[in-house]
Amino acid sequence: MNNRDASPSPAVSIPAGTSALPVPEAWRPRLEAQLAAQETVLAWLEIDLDARLRFSPGLVILTDRRLLAHAGGDADWQSHPCRAGLRLQRHDHAGVGSLELLDDAGRLAVWRYTLGADVAAGRLIDHFDRQIAFHTTGVLPPAAAQALCPLCETPLLEGQDDCPNCSKELNEPPSTWTLFRLWRFAHPYRWRLLAGFLLSLASTAATLVPPYLTMPLMDNVLIPYQNGAPINVQLVGLYLSGLFGAALLAWALGWARTYILALVSERIGADLRTTTYEHLLKLSQEYFGGKRTGDLIARIGNETDRINIFISLHFLDFATDVLMITMTTCILVSINHWLALVTLLPLPIIAWMIHTVREKLRTGFERVDRIWAEVTNVLADTIPGIRVVKAFAQENREAARFRAANQHNLEVNDRVNKVWSVFGPTVTLLTETGLLVVWAFGIWQISQDTITVGVLTAFLAYIGRFYLRLDSMSRIVSVTQKAAAGAKRIFDVLDHVSSVPEPVTPVHLPAVTGRIELRDVGFRYGTRSVTRDICLSIEPGEMIGLVGHSGSGKSTLVNLICRFYDVTEGAILIDGVDVRSVPVAEYRKHIGLVLQEPFLFFGTIAENIAYGKPDATRAEIVAAARAAHAHEFILRLPHGYDSLVGERGQALSGGERQRISIARALLIDPKILILDEATSSVDTTTEKEIQKALDNLVRGRTTIAIAHRLSTLRDANRLIVLDRGRIVETGNHDELMACEGHYYRLYQAQVQNEEGSGPGDSRAGNADKEEDRA
Amino acid sequence: MSAAPDYRLHRNAFGRLVFTAADGAVCEGVALVRAFPISAADAGFALVDPYGHELAWIDRLDDVPEAWRTLLAEELASREFMPVIAQIVAVSGYATPCVWTVETDHGRTDFILKGEEDIRRLAPPALMIADSHGIHYLIRDRNALDAHSRKILDRFL
Ligand SMILES: Nc1ncnc2c1ncn2[C@@H]1O[C@H](COP(=O)(O)OP(=O)(O)OP(=O)(O)O)[C@@H](O)[C@H]1O
Ligand SMILES: [Mg+2]
């Protein structure tokens, strides 16, 4: 889709001075046949849908004379010479964009494309409009003087080399060697891990001594005794103390190893969790919009745990196992290579088995993880919404949902366990059979006098250990696959690039005046176009009121200004600098935001007010609370500022929560204050009081206020009326009333409402919100 | 149910659907939307004006006069875009984001799946996949897909 047009190569015929992108390679031969001599290509759009919305590549080309289109499939080229009166329009619905060519009499053509091509369509329209203006007036309007991104023509700003739009399209899948990527977390502990490794190697080596000693014990002591010789007590003492010493050594080494590894394991786990969480916090709002809370909790909680155990225990175990098997093999071969060969017989079979079940297990475990996340999701969904559950008496349904998730969990687990449970015992069976073969072969060899009884005993003792190792190695298959599945899900988070990326070459703004400028801003949530062509410039210290119907895009505009989302088109500038080139955290320090749905954290009221400035003094906190008219109600609480607000501020009323969040915004003393329905849940008297307080605070700050109660915004320097994502009117209250447009109607409706049925308007807005979320 | 509607519909030269209400009020650029595009695609349609206000409700397309039915069907065909996946040909990898090549009722195409959570479970056998541009692909019955597709899909569920 979009990546197709990302391969610049020499153009067909581009005159010097125009910055048209080269036409895609595939179209060049066909296009050249169509173009007249000296006809130049100005812009093009690759379309990927035909008239019946079937996928099929097509091309719309603008030359200096005409619009040339190939609609895909077997269709012929269509040509529309440029002339006065022609218009190009685009709109989109459900992920499909339509580009329409119209004149005064009707529609001449329509082309459709999936939204990946929308930027190219916008570019085509710009060029087209200039061409038509040229054909009408004879003068070519100047192109935008700004530096544009060569790929998508988004304006580039000072300090930007990379286009913020294009660099977002990073769609490379993470490598499948995820487990090796975990090394990044093990690296700081490499010395301790090495020590643990050496210790476990040594302790295992120590356990290899006893079987070796059984060989002389048998051949030099027991067999001679059976043949009539007396027992050599000294020799027995020597061998036995050797055995005891080896056991003691193995114990001490094993203890040190376990301790060191447990220590390292916890640390790696903690690092992994915090890194993942820190990364998660930096991701954009868009990411959280698409994720379920339970899933994220499960990833950070369970999976990091599993991975750290893997790195610190199983991985090392595996390494020692491999070494140990090699060592044992060497010993065995050195004692008797024929017997050794027989002993190693089951090895290839086990290797093959591991290979076959591995993939099955990994996908199985991945699914288990996901299902587990689903179980957590149900909890994370229901517990915060418990009031709704109870209000509608849906406890049984929620219980059923949880039971269903658990059932699903069981089913998936059962499936993996089926594979897994067969695998373990099969390995055991193989090793037992191996043992039998060794016995048989050994007895035969003794009867041939090729080996001594001692050798066979030693062999059998070794094999016991050897097969034990094999067994544990086969068990590691499942652990590894579990860890790999977990690692993948962790790296899914860690690899996610924020859709609100940190600038590559940041422009620092230690202080701002508060001038905000929106240039042709367009934005869509997914495919849903919400705002388009918003141009607005807000002077420092100005108070702007945003009004419009519910769903007209007011909060969306605020989200964009706060950079919770990045604009899809156009740019937002603060003091003349694109917000995308300012470090995100630094930028937000300048903004005080009061949200439509106030959120309080578990903690005291003072902590909540000081959230944006943890080192605030008590005096500052009280001053902010006073300004937000929260002071008095706080004092009425049993513990004053130290009262706990409960999870999400449940212990407070809606209006109280709102006032606390106003105090929170005021405390950081921001240059830009954004109030999204900041006073919608308080009564009119309290609102008036807060308003009065705000009047003082608003002075000297750029303020953007949203309110459904239009009376709240009477003091605004300018009112911006939004309708379906566009600015339809601007002006102060009196001007807007005088022109009797949108605002006038909104105002009239509200005045009538208030006279008639009391304050109903903000309620209606809230009800709307509930529905949107459902 | 099939009392003749009291409004009229036609398509103008600009390709827009024009709605004429019983009282003669004319509204241009009317859209036909399904109320339950996935769970009950054939029942429940609304004619809405460009501002999103409902002009008329149509229970079933059979309720409207024959002549308009083609008009409305055309309107739906040109507006609706939810390709139904018939076969998953290949995926570039099992870790997201990855590129899927699929055969749909709108032809073959590639799309980018950003994350597993973009595969949404609908009422049991059905699934919906949202690609990186927000286009929704429907799988009506995941059990009815061929073995290869099912195997790929299983890895993501
Ligand atoms: N995260 C989202 N994903 C998809 N669409 C969204 C999202 N958030 C908002 N919208 C849509 O964008 C449009 C504008 O929403 P917005 O929240 O900006 O409205 P608003 O003007 O603030 O309304 P209100 O006065 O009710 O708060 C609405 O139609 C809404 O459904
Ligand atoms: Mg809002």
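Letters go in sequence order (proteins before strands), and every chain restarts at 1. Keep in mind that the numbers below use all heavy atoms, side chains included, and drop hydrogens, waters and symmetry copies.
Side-chain atoms of Arg724(A) come within 3.5 Å of backbone atoms of Pro50(B) as a donor-acceptor pair (strictly under, hydrogens ignored).
Taking 4.5 Å as the limit, some side-chain heavy atom of Phe81(B) sits within range of a side-chain heavy atom of Thr114(A).
Between chain A and the residues Arg16(B), His106(B), Glu74(B), Met82(B), the most heavy-atom pairs under 4.5 angstrom are made by His106(B).
Residue contact with chain B, scored on non-hydrogen atoms closer than 4.5 Å, is absent for Leu108(A). Heavy-atom distances place both the backbone and the side chain of Leu53(A) under 4.5 Å from chain B. Neither the backbone nor the side chain of Glu374(A) comes within contact range of chain B, judged by heavy atoms closer than 4.5 Å. For chain A, the nearby parts of Asp154(B) are the backbone and the side chain; heavy atoms of each come within less than 4.5 Å. For His549(A), no part lies near chain B; criterion is any non-hydrogen pair under 4.5 Å. The part of Asp104(A) that comes within reach of chain B is its backbone (N, CA, C, O), which places non-hydrogen atoms under 4.5 angstrom from that chain.
When all heavy atoms are compared, the tightest approach of Ala105(A) to Ala13(B) is O-CB, 3.2 Å. The two residues Asp103(A) and Phe14(B) make their nearest non-hydrogen contact at O-CE2, 3.2 Å.
Counting non-hydrogen atoms of neighbouring residues, nucleotides and ligands closer than 6.0 angstrom, the CZ atom of Arg150(B) exceeds 12 such neighbours. Within 6.0 Å of atom CH2 in Trp100(B), more than 12 heavy atoms from other residues, nucleotides or ligands are found, so the atom counts as buried in its surroundings. Heavy atoms from other residues, nucleotides or ligands lying under 6.0 Å from CZ of Arg69(B) number more than 12. Remark: Phe288(A) CZ is packed, more than 12 non-hydrogen atoms of other residues, nucleotides or ligands lying under 6.0 Å away. Counting heavy atoms of neighbouring residues, nucleotides and ligands inside a 6.0 Å radius, atom CZ of Arg120(B) does not exceed 12 of them.
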Audit row: Arg54(A), Arg108(B), side-chain contact (heavy atoms from CB on, under 4.5 Å) steps and yes/no: CA-CA 9 Å; Arg54(A) 294 186 61 85; Arg108(B) 177 188 279 237; over 6 Å; no
